[in-house]
Amino acid sequence: NAALTAKLDFSDVRIARARFPKIAFSASGKDGSMDASVMLSQKDGSASVEAKGGLDWGAKVVPSVSTERALEAKVLAKNLNAAAFLPFVSALSDLDGRIDADASVTAGADGKNVKMQGGINFREGILGIPAVGQEFREAKAQIKLLPNGTVQLVEATARDATGEFRLVATAHFNDLSFANAEATLT
């Protein structure tokens, strides 16, 4: 039965306008389980992501996710610079602001019985959206993850040259499948 342990540490990393004095990655896979974590450290913010699950490796060259163990993921962030995500969001020409998060998701080994909980807050945001030719400032959003499969955008607000908009939305999931959504923009 194959096993793997990996640790990578990076220093003085820059992603868009966000600077990270340290990024640490670790992963291990052995005895039918896998663990992975990423820690992002900034001068005035941080984030961590942890994931655990089953691993089917045996004598295969490349492992696969096992359906015999539950999956768990947790995200924590405190004052994280959102600019780091700009390269991964093609709909935006600019992104800045701060993110605080404490959220987790678990799923049964079969991908069923998904439970979400926690929240994500975005504040002090700047969003450049080329599709509408606007830059929005003073952007903020509050998202709640509920155990019943609901993702609730409690409120998102932002300002442009003509005024302020407010968005409230809710999306419902059945395990990992999207069920429906509703939104109100004012």
Side-chain angles (χ1 to χ4, degrees), residues 13-23 36-51 71-107 111-186:
V13 176
R14 184 179 172 138
I15 303 171
R17 286 189 305 268
R19 293 181 183 264
F20 298 92
K22 182 178 180 183
I23 296 177
S37 67
V38 177
M39 177 63 154
L40 306 168
S41 300
Q42 295 177 308
K43 181 179 176 185
D44 59 350
S46 65
S48 65
V49 178
E50 296 177 1
L71 300 171
E72 302 174 27
K74 182 157 184 73
V75 176
L76 295 171
K78 182 69 176 165
N79 206 38
L80 181 69
N81 187 335
F85 296 103
L86 181 60
F88 310 105
V89 186
S90 61
L92 299 179
S93 61
D94 195 9
L95 174 63
D96 208 351
R98 294 297 174 160
I99 299 170
D100 298 310
D102 185 351
S104 63
V105 177
T106 61
K112 305 283 186 199
N113 201 24
V114 175
K115 302 287 183 214
M116 305 181 278
Q117 65 180 10
I120 302 166
N121 292 305
F122 174 65
R123 58 187 162 72
E124 303 169 21
I126 297 172
L127 305 168
I129 306 176
V132 295
Q134 290 291 333
E135 180 178 88
F136 297 94
R137 295 192 168 265
E138 298 177 40
K140 59 184 177 179
Q142 179 184 8
I143 300 169
K144 286 186 180 180
L145 306 177
L146 304 176
N148 66 356
T150 300
V151 177
Q152 185 178 43
L153 176 58
V154 177
E155 181 178 61
T157 60
R159 293 186 173 281
D160 70 1
T162 62
E164 181 178 76
F165 79 85
R166 178 178 180 265
L167 175 65
V168 176
T170 303
H172 303 278
F173 293 85
N174 292 325
D175 291 322
L176 297 176
S177 299
F178 174 74
N180 59 55
E182 56 271 349
T184 303
L185 177 63
T186 56

request  = Please name all residues satisfying side chain to side chain contact (heavy atoms under 4.5 Å, CB included) with N79, sequence neighbours left out, ordered by chain then number.
outcome  = D44, R98, D100, R123
key: Contacts of T162 that satisfy side-chain hydrogen bond (donor to acceptor under 3.5 Å, both in side chains) - sequence neighbours left out   = D160
When the side chains of residues 80-93 are checked against the rest of the protein, which donor-acceptor pairs come out under 3.5 Å, sequence neighbours left out?
| from | atom 1 | to | atom 2 | distance (Å) |
| --- | --- | --- | --- | --- |
| N81 | OD1 | A83 | N | 2.9 |
| S93 | OG | G128 | O | 3.4 |

query = With sequence neighbours excluded, what pairs up with Q42 under the side-chain hydrogen bond (donor to acceptor under 3.5 Å, both in side chains) test?
reply = none
Expected list for residues 178-186: side-chain donor-acceptor pairs under 3.5 angstrom, two or more places apart:
| from | atom 1 | to | atom 2 | distance (Å) |
| --- | --- | --- | --- | --- |
| E182 | OE2 | H172 | NE2 | 3.2 |

ask   = Listed by chain and number, what are the side chain to side chain contact (heavy atoms under 4.5 Å, CB included) partners of Q142, not counting sequence neighbours?
value = N121, K144, V154
request  = For N174, check side-chain hydrogen bond (donor to acceptor under 3.5 Å, both in side chains) against everything at least two apart and list the hits.
outcome  = none
request  = With sequence neighbours left out, write down each residue that passes side chain to side chain contact (heavy atoms under 4.5 Å, CB included) with E138, or none if nothing qualifies.
outcome  = R159
note = Across all chains, not counting sequence neighbours, the side-chain hydrogen bond (donor to acceptor under 3.5 Å, both in side chains) partners of D94 are R17
key: Residues that R137 engages under salt bridge (Lys or Arg N to Asp or Glu O under 4.0 Å), provided they are two or more places apart   = E135
ask   = For L153, what residues pass the side chain to side chain contact (heavy atoms under 4.5 Å, CB included) criterion, not counting sequence neighbours?
value = A141, I143, A156, L167, A169
request  = Sorted by first residue and then second, give each ring pair (Phe, Tyr, Trp, His ring centres under 6.0 Å) pair with at least one member in residues 121-144; sequence neighbours left out.
outcome  = F136-F165
